[in-house]
Amino acid sequence: MNTRFQTSLRHPLCSHLHHRRLPLTTSVAMMMMLTGCAAPSTQLAGPGTAPLPPQYEAWFDYEPPLNPDWVQKNTIEEARQMVEQEQTPQAIAKLKGVADQGIPQAYYELAKIYDQGKGVEVDKLKAEEYYSEALRTPSWIHGQAALNLARLYTEDDSVPNQPLLAWYLLRDAQENQVGRDEGVRLAQLLSRGAEGIEADPEQARQLYQQAAEAGNPDAMKALAEAWHDGGWLPSDATLSQQYAEQYAGELRKQASAGDVNAMKKLARLYAEDGLINDPQQSVHWMTQAAQAGDTSALSQVGRDMLDGRSPERGIELLTQAAENGDVSAMERLGKVLLEGDGIAPRPREGQQWLEAAIAEGSVNATTTLGRALLSGEHQPAQPHRGITLLESAARENDALAMTELARVYLDDELVPTQPFMAADYLERAHEIGHPYATELLGQITLEGRGVPANPGRGEALLREAIAAGQTGAMRTLGEAYLQEDGPLPYHPSEAEKLLTEAANAGDTTAQTRLGEAMLAGQFGAAQPERGQQLLKEAANAGDAYAMVVLGRAYREGTGVPRDLTMATDWLQRAEQAGHPSAAAELGRTQRDRGQSGDINALIASARDGHTASMADLGRAYLNGEGVQRNPAEASRWLERAARQGHPGAAADLGRMYLDGNGLARDAARGAEFLKVAVAGGHSGARADLGQLLLTGNGVEADPERGKRLLEEAAATGNEFAAQRLGEAYLTGEGLSADPEQARHWLQQASDAGSLAAQAQLGTALIRGDEGIAQNAAEGQRLLTAAAEQGNAGAQAALGREYLRGENIDQDVRKGADYLLAAARQGHSSARLALAKAWLTANGLENANREQALLWLDEVMDGGSQLASQTLHDLLSDEETLSAIPATMDDN
């Protein structure tokens, strides 16, 4: 024995009696009193072992027994016989009577009854209580009780794990020379250490070897595992194999004597991942166990072979086990055949076996089939039956079923969304300890979906799920920390850390989000090379959104050089992979290619059926952008896009019919397309239709609806709608004249950037038109600002005002310049005013106006300075000035 255990641990009085010869009667009496001498706890502790908790000191300190066991020996023996004769209640009553007298052996026998379930239901906590009572008084069964209690404290889940206390109990059993497996159990604690016990592999090895030499098979197995790869001793294949063979030899002896458990242990020993890899022997011993009446044996070896290199043989064995009524085999067989894990799927057979297991009450099979029927991945979907099965499993507190039901009620795909019901299922599954349920519960708690929003609890739940290994929780929390206005404080560095951990754990969605953020510089400085690498890895792993992000990045030049060809390639891959946003992104890319001169790309995209590309191609033909202007082709593509629900195309086509732009003017047909565009939410169409309905120009007028449409469009920021309302209230065309409303709407349009509205309002103010109070200075300011920004109407109106000098100081030169600028932009009334002035100056008031306009074109074509001087000279004459129409404005 190692020197660390060689110190005598007996009580001094025990040691004294050991060395002194006493008279027989005295010796017997004293020994009867002292047979249970227990070792003081301070001597039981070894190097690296924490002190014994004080409340247990009484178990290990010597106290003379008050009632020697031999006094009630016959009564205790009678109780044992009653247990063997299945009279356990009577035996318990008899033993309790003896125990009340403080006899340790009575407590020990009671503990064994509940520990082993002899005639009663197993109750490990009650066994712990009685073993503890047996230890309070020294006796000859002290070591036996200590050993049994140590086993409970290290092996049984129903009793709190207490390795340090188990250490002292095992040392006590060792000192009392119980001679069972106390050395092996001590070695187990020393091999890897435990709370309060320092690991000592060398001492563990010695203890195991002593036990193995004494024929203990558990010690042989432990040594084989210790020297095996990944064991707690340095790897040594020879020694590992040597002890594994010794262990196999002991098991074969037990198996030959009919021990079914030994047969199953041999099967596991010879399995592909066992200590001795011999699949044939594994199957042999499992078959032996099955033939000996163990219904789970074939199922076990079948599962082992499924997970190994012989899946078809595993199916055969599982089928035999299932046919013999093994429910676990039915469950595993059904799942494998349904999903095809390592074999060609046979979903019909799989469902049959799952149905058989369900008929036997299998909750696992109920959940498996319920999930399969929901997804429809391996057989036709039956969502209602799938939900029914999952609800049945949920009633049995199956956490996976609850979590799956929660997903169904959150997704709004198979049934209408029911977030409160989903939250209830997730709460229940979380309480049971299902980590994915905890993750989902954290997510909806952050969002306030089905439960009141509680960012703190949501964050804590996600952290709990992360601790349980849920990479999705890392991703969700990382994404939450990246939202600047999200439920949690903005924390990009923590977001980067979490997303990186999730990506490293194989979460491609996290990898994509991380790469996207790095390209955009959300973690500080942009990291384009690392971002591209992550996105390409995720895309090549099949993540369709990563393909979309790459396509978008190449289209927009975000973190990569702009490359529309590369953008197209990635987006086409995303579309083939089925990402819902890929088609729209591809359409935008093809439009960009068209705008950059590659009209063939836009045509190809339109011909492929991309609605947005059809609309863009129609506009290209309408405006002659990249192709020759062709209104017929424009209307054809715009109509195709409009029929597929593109509101912008419907709006463009409606305006073509209203204006007669390349089509025969047809107000009614134009109105129908505008209505389609309005239904699609197009603000411009709402303004156009509103204007049309105000006056009913070619359609039946509906001023109220027209006004409502214009107000709705104006509320969305449509400056044209606000301007049109202002015009209507100013002129009384379609609406009752209302100068206050006119000024309000024209001001709104002007503030929104409409130079036309600014010019109209400025003209009305400078002249005091239509009931608007005159404010010449404000009108001049508005007209000047609009004219300087190139608005021809403002230039024409301001030019007229400077020429006439009625509302502002006359300045013929400025007036001529503004009028000429408006005429050069094709402003009709400015052109006509100048032509009329020239005719008047030359006494040709009744001459052909076309000749006058030709003169004007010749003057303007003659050069800016010449044209300006000519007009200045012409307009310096009072008679000529009087020919400028007083009503000339921005029309």
Side-chain angles (χ1 to χ4, degrees), residues 618-619 622 631 634-635 638-639 641-643 645-750 752 754-761 763-764 769-772 793 827-829 887 889-891:
R619 294 190 192 102
L622 181 63
S635 64
L638 288 173
E639 185 161 355
R643 298 294 181 200
H646 194 287
D652 288 340
L653 194 57
R655 281 191 287 266
M656 286 183 74
Y657 277 111
L658 289 182
D659 299 339
N661 183 8
L663 298 171
R665 189 178 185 280
D666 188 335
R669 189 160 171 75
E672 290 305 313
F673 280 109
L674 289 176
K675 289 175 183 177
V676 171
V678 168
H682 196 281
S683 177
R686 190 175 279 112
D688 287 338
L689 185 59
Q691 180 185 20
L692 181 63
L693 293 176
L694 273 184
T695 58
N697 186 12
V699 297
E700 185 177 351
D702 187 346
E704 280 302 314
R705 189 181 178 214
K707 172 189 170 186
R708 185 171 69 253
L709 286 168
L710 285 168
E711 287 175 344
E712 290 172 357
T716 66
N718 188 295
E719 61 190 52
F720 171 74
Q723 178 194 347
R724 188 65 190 91
L725 278 167
E727 287 177 353
Y729 280 118
L730 189 67
T731 63
E733 184 182 4
L735 294 173
S736 299
D738 187 330
E740 185 176 340
Q741 285 288 322
R743 180 163 186 172
H744 164 76
W745 288 110
L746 287 173
Q747 187 67 58
Q748 177 174 315
S750 177
S754 171
L755 296 179
Q758 190 172 346
Q760 284 180 298
L761 182 58
T763 301
D769 286 344
E770 309 297 344
I772 291 181
H827 192 277
S828 58
S829 64
T887 59
D889 53 20
D890 58 337
N891 293 321

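Just so you know, residue 1 is the first one in the sequence shown, and it goes up from there. This is a predicted model, so every value here is computed, not measured.
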Quiz item: Hey, what do you get for NE2 (H682) to CG (N718), rounding to the nearest 0.5 Å?
Solution: 9.0 Å

Practice problem: Not counting sequence neighbours, which residues clear side chain to side chain donor-acceptor pair (under 3.5 Å) with R665? List them please. | Solution: none

Practice problem: Measure the CE-CG distance between M656 and L622 for me, rounded to the nearest 0.5 Å. | Solution: 5.0 Å

Quiz item: To the nearest 0.5 Å, what is the distance between CZ (F673) and CG (D666)?
Solution: 10.0 Å

Exercise. Calculate, to the nearest 0.5 Å, the distance between atoms CD and CZ belonging to E770 and R743 respectively.
Key: 15.0 Å

Quiz item: Is any side-chain heavy atom of L653 less than 4.5 Å from a side-chain heavy atom of V676?
Solution: no

Quiz prompt | Straight-line distance of D652 CG to E639 CD, nearest 0.5 Å | solution = 13.0 Å

Quiz item: Looking only at heavy atoms, what is the nearest atom pair of A757 and A749, with distance?
Solution: CB-CB, 3.5 Å

Quiz item: Got a sec, which pairs hit side chain to side chain donor-acceptor pair (under 3.5 Å) with one end in residues 729-738, sequence neighbours left out?
Solution: none

Quiz item: Salt bridge or not for E672 and R669, using N-O below 4.0 Å?
Solution: no

Quiz prompt | Distance-minimising heavy-atom pair for A714 and A722 | solution = CB-N, 4.0 Å

Self-check item: side chain to side chain donor-acceptor pair (under 3.5 Å) contacts touching residues 691-703 (sequence neighbours left out)
Solution: none

Self-check item: Side-chain touch L735/L725, heavy atoms, less than 4.5 angstrom
Solution: yes

Quiz item: Where is the tightest heavy-atom contact between A687 and A721, given as atom of each residue plus distance?
Solution: CB-CB, 3.7 Å

Quiz item: What pair of heavy atoms forms the shortest contact from A759 to G793, and how long is it?
Solution: CB-C, 4.5 Å

Quiz item: For S635, what residues pass the side chain to side chain donor-acceptor pair (under 3.5 Å) criterion, not counting sequence neighbours?
Solution: none

Self-check item: Side-chain donor/acceptor of S750 to backbone N/O of L746, under 3.5 Å
Solution: no

Quiz item: What residues, two or more places apart in sequence or in another chain, satisfy side chain to side chain donor-acceptor pair (under 3.5 Å) together with D688?
Solution: R655

Exercise. Would you list the pairs meeting side chain to side chain donor-acceptor pair (under 3.5 Å) in which at least one residue belongs to residues 703-715, sequence neighbours left out?
Key: R686-E712

Exercise. For residues G618 and L638, report the shortest heavy-atom separation together with the two atoms involved.
Key: CA-CG, 3.9 Å

Self-check item: Atom pair CG (L761) and CD (Q748), whose distance is rounded to the nearest 0.5 Å
Solution: 12.5 Å

Self-check item: Beyond-backbone contact of W745 with R724, side-chain heavy atoms, under 4.5 angstrom
Solution: no

Self-check item: Closest contact, heavy atoms only, R619 versus A649
Solution: NH2-N, 4.0 Å

